[in-house]
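As structure tokens, the structure follows; a few thoughts come after it.
Atom set for the values below is all heavy atoms of this structure, side chains included, hydrogens, waters and symmetry mates excluded.
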Amino acid sequence: MSLLSSLTGPADLRALRPDQLPVLAGEIRDALVAAVAKTGGHLGPNLGAVELTIAVHRVFESPREPIIFDTGHQAYVHKLLTGRLDGFAQLRQRDGLSGYPSRAESEHDWVENSHASTSLSYADGLAKAFAVRGDTRPVVAVIGDGALTGGMAWEALNNIAAAQDRPVVIVVNDNGRSYSPTIGGVADALATLRLRPGYEEALAAVRQALHRAPVVGTKLYDALHAIKKGLKDVLAPQGMFEDLGMKYVGPVDGHDVEMMESALRRARSFGGPVIVHAVTTKGFGYPPAETDTIDAWHSTGVFEPDSGLSSAAKGPEWTDVFADELVRIGTERSDVVAITAAMLHPTGLAPFAERFPERTYDVGIAEQHALTSAAGLAMGGLHPVVAIYSTFLNRAFDQLLMDVALHGQPVTLVLDRAGVTGSDGASHNGMWDMSICSIVPGLQLAAPRDEATMREALRESVQVSDGPTVIRFPKGALPPEVPAIERRGRVDVLRRGTTPEVLLVAVGSLVPMCLAVAERAADHGIEVTVVDPRWVMPVADELVTLAGEHRLVVTVEDGGRAGGVGTLLSQALQDADCDVPVRTLGLPQRFFDHGSRGQVLADVGLTEQDVARRIVEWAARVADRAAVPAETEPAEGQQ
């Protein structure tokens with residue numbers, strides 16, 4: 001039996017001899033590569049966190065002593081060490097393990113944090129709660145993979161440092177990256193500590209002294225810490241964490257379990273807030289990931305584990321089209337600039353950055369700053385294009401509303417991974433953006449249906465000069481092109497019924513399904529006209545006119561129903577005193593378990609068969625209601 005398969009929880013891990021730990025680390029890496037090769041997932045961050053996570057679980061007693069991972073995608077090793085090896089064969093699959101911490105899976109998962117820079121706030125709150133209850137147990141937060149570039153982490157640090165008697169141990173997993181190499185002043189300061197020539201050698205004696213000390217009391221700790229601090233003043237800048245009033249241990253080799261354990265035990269014994277700065281390599285131990293200069297295999301699809309080669313043929317995707325068109329626009333307009341929140345490659349901005357490096361800004365994992373900085377760029381006469389995942393727009397709503405829209409600034413937001421993404425679970429489904437954007441005055445939102453409308457929408461958006469524009473599109477391959485048979489203003493007519501019975505309003509990527517739905521309905525004698533609003537916010541006058549010409553209107557969207565396209569169209573029809581019934585099909589406002597996109601859509605009835613059945617049923621009811629007055633109306637001469 002392997003060491004990994006013998007572990008039922010952290011207690012078994014703590015019982016292992018130190019000489020067994022390198023073998024265990026190797027088995028964990030093999031298990032990670034084998035599992036992620038079959039299902040896809042976040043491989044690079046976890047390969048780099050193997051020894052660090054082993055050390056954390058050997059020093060702290062989970063679940064009684066909370067261990068919180070930020071971001072949650074670096075918690076695969078934590079799952080393996082807490083008895084979930086058997087579930088790894090179905091990682092990120094329906095009824096299998098989540099790709100993030102999950103309270104439903106294990107008592108060892110305190111929070112389900114899969115958005116970055118949140119762990120320190122959770123830890124601060126837990127430590128305060130324990131203090132109020134007279135409980136002195138420590139709280140551990142493992143932060144890294146770029147999460148310290150987020151402002152929320154520093155707000156939490158400010159609060160944690162204010163209470164020197166609350167035992168919060170912050171493990172900085174410093175791999176110099178988020179998705180790609182981390183950008184910014186915080187990253188530069190960490191890199192200076194990590195890479196300063198001679199620093200490691202000069203601190204070797206201090207480390208050995210600390211390592212040999214079995215128990216570090218406050219006086220010994222302070223004395224040795226003062227020696228280290230003095231060396232640091234000579235060889236490197238003053239530690240930014242120490243400036244906050246927090247104890248600092250490091251840098252420590254994050255791939256040396258013995259050294260990590262020693263550092264963590266010292267931190268634990270201090271009894272107050274301590275930073276443990278661990279230096280790791282993203283993708284460590286798997287050559288294809290270590291040598292990948294783009295993102296060290298941050299997130300991968302299915303691949304061959306021996307070679308690292310992708311197993312799936314890849315055609316052009318939505319992100320590729322955006323990337324190409326933005327470069328074309330950039331060559332024509334020198335005022336167009338690009339902003340990314342630590343996701344240059346995933347959001348498609350890398351080609352623009354390569355062509356126009358002086359017009360590309362990576363702000364780190366800081367979506368709030370990205371939006372307000374974009375407003376400033378726009379005030380300065382430029383047109384910023386901010387590319388982020390749809391799910392991360394949630395974090396910058398106030399900035400979109402008050403800093404961009406209130407000032408009428410021409411900022412374009414490009415939301416990748418909109419709609420149901422599936423395998424990453426509740427936090428990553430991009431289902432909230434249209435609900436959020438629908439209440440922002442002056443905002444215009446486009447949902448392109450194919451490559452041609454994607455390119456067109458991007459060009460139209462950068463022409464807008466008096467307010468924010470948003471373009472949303474899903475993850476994955478492009479659908480076939482769907483030409484319009486007629487254009488009325490911004491509304492494309494894609495299929496025309498022979499009678500004005502049902503108007504089917506298809507939003508964005510759901511257009512192909514809606515056209516198939518119309519054919520199914522036609523087989524049941526229901527005539528359906530299919531239109532694509534293209535710019536779904538605000539509701540176009542032409543769409544209101546078209547709706548008023550039909551007996552039933554049905555909207556289909558892959559966003560939340562509350563505040564979505566159907567809601568807006570219903571309100572617009574009421575404002576126009578148009579009483580045509582509207583039926584809205586979309587996502588109910590709830591959190592969905594991870595699974596494939598198709599599985600999640602099927603769960604809520606957004607399939608071709610389900611939508612066609614409901615349209616036939618609704619159309620029949622409308623026809624029945626229309627027939628009732630004629631049948632019950634008294635004959636001529638009757639009273």
Side-chain angles (χ1 to χ4, degrees), residues 115 318 388-397 400-401 413-440 443-450 453-454 457 461 468-476 479 490-491 504-514 517 530-540 543 553-572 582-608 610-611 614:
H115 282 189
W318 286 94
I388 57 177
Y389 284 3
S390 169
T391 182
F392 298 127
L393 175 63
N394 310 351
R395 314 188 74 175
F397 171 73
L400 172 62
L401 180 67
L413 278 154
V414 176
L415 305 182
D416 204 326
R417 272 71 166 175
V420 173
T421 54
S423 58
D424 281 330
S427 65
H428 275 57
N429 285 321
M431 59 174 287
W432 316 103
D433 58 270
M434 289 193 288
S435 297
I436 287 172
C437 290
S438 69
I439 64 172
V440 178
L443 181 144
Q444 301 179 57
L445 186 146
R449 66 179 179 269
D450 54 18
T453 53
M454 170 75 224
S461 69
T469 51
V470 178
I471 302 172
R472 73 186 306 265
F473 53 82
K475 177 182 181 180
R490 285 185 163 184
V491 180
L504 180 55
V505 181
V507 176
S509 63
L510 296 184
V511 160
M513 181 193 75
C514 289
V517 164
V530 181
V531 297
D532 170 17
R534 292 196 313 117
W535 287 88
V536 298
M537 296 179 189
V539 175
L543 183 58
V553 176
V554 178
T555 65
V556 183
E557 55 194 298
D558 59 348
R561 287 200 304 252
V565 177
T567 301
L568 292 181
L569 180 55
S570 296
Q571 184 63 55
V582 178
R583 299 291 180 268
T584 298
L585 292 174
L587 302 175
Q589 247 71 15
R590 72 169 191 258
F591 298 112
F592 296 99
D593 291 336
H594 64 277
S596 70
R597 172 179 164 87
Q599 287 170 330
V600 175
L601 291 176
D603 289 344
V604 297
L606 284 179
T607 65
E608 178 185 323
D610 289 332
V611 173
R614 299 188 76 175

Problem set entry | Backbone of V565 reached by a side-chain donor or acceptor of E557 within 3.5 Å | yes

Problem set entry | CG-CE distance between L504 and M513, expressed to the nearest 0.5 angstrom | 8.0 Å

Exercise. For atom CZ of R614, is the number of surrounding heavy atoms from other residues, nucleotides or ligands below 6.0 Å larger than 12?
Worked result: no

Exercise. If you measure from CG on L606 to CG on D558, what distance do you get to the nearest 0.5 Å?
Worked result: 8.0 Å

For this session: Can you see which heavy atom on A540 is nearest to which on V491, and at what distance?
Result: CB-CG2, 4.1 Å

For this session: Measure the SG-CG distance between C437 and L401 for me, rounded to the nearest 0.5 Å.
Result: 10.5 Å

Exercise. Who are the side chain to side chain donor-acceptor pair (under 3.5 Å) partners of D433, not counting sequence neighbours?
Worked result: S390, R472

For this session: For side chain to side chain contact (heavy atoms under 4.5 Å, CB included), just list the numbers for V554 and V505, CA-CA rounded to whole Å, side-chain angles, deciding distance to a tenth of an Å, and then say yes or no.
Result: CA-CA 6 Å; V554 178; V505 181; over 6 Å; no

Exercise. Do R449 and M454 pass the side chain to side chain contact (heavy atoms under 4.5 Å, CB included) test, and can you show the C-alpha distance, the side-chain angles, and the key distance before you say yes or no?
Worked result: CA-CA 7 Å; R449 66 179 179 269; M454 170 75 224; over 6 Å; no

Problem set entry | Point-to-point distance, once rounded to the nearest 0.5 Å, from CZ of R561 to CE of M434 | 13.0 Å

For this session: With rounding to the nearest 0.5 Å, note down the distance linking CG in D416 to CZ in F392.
Result: 11.0 Å

For this session: Could you tell me whether the side chain of T607 and the main chain of A602 form a donor-acceptor pair under 3.5 Å?
Result: no

For this session: Identify the two heavy atoms, one from R490 and one from Q444, that lie closest to each other, and give their separation to 0.1 Å.
Result: NH1-OE1, 2.9 Å

Problem set entry | Student check: side-chain heavy atoms of L415 and L393 closer than 4.5 Å | yes

Problem set entry | Minimum side-chain heavy-atom gap R590-V604 below 4.5 Å | yes

For this session: With sequence neighbours excluded, tell me which residues meet salt bridge (Lys or Arg N to Asp or Glu O under 4.0 Å) with R417.
Result: none

Problem set entry | Nearest atoms (heavy-atom pairs only) where D450 meets P479 | CA-CG, 4.3 Å

Problem set entry | Straight-line distance of I471 CD1 to L445 CG, nearest 0.5 Å | 9.0 Å

Exercise. Tell me the salt bridge (Lys or Arg N to Asp or Glu O under 4.0 Å) pairs involving residues 599-608, sequence neighbours left out?
Worked result: R94-D603, R520-E608

Exercise. Is the ring centre of W432 less than 6.0 Å from the ring centre of F591?
Worked result: yes

For this session: Would you please test F397 and V440 for side chain to side chain contact (heavy atoms under 4.5 Å, CB included) and show each step?
Result: CA-CA 9 Å; F397 171 73; V440 178; 3.9 Å; yes

Seminar exercise, completed: Here the pair of heavy atoms bringing G605 nearest to V611 is O-CG2, 3.8 Å

For this session: Go through T469 and L443 one step at a time and tell me if the side chain to side chain contact (heavy atoms under 4.5 Å, CB included) criterion holds.
Result: CA-CA 6 Å; T469 51; L443 181 144; over 6 Å; no

Exercise. Is the shortest heavy-atom distance from the side chain of V553 to the side chain of L569 under 4.5 Å?
Worked result: yes

Seminar exercise, completed: For A457 and W535, the nearest pair of non-hydrogen atoms, with its separation, is O-CZ2, 3.7 Å

For this session: Quick one: closest heavy-atom pair of L568 and G563, and the distance?
Result: CG-O, 4.4 Å

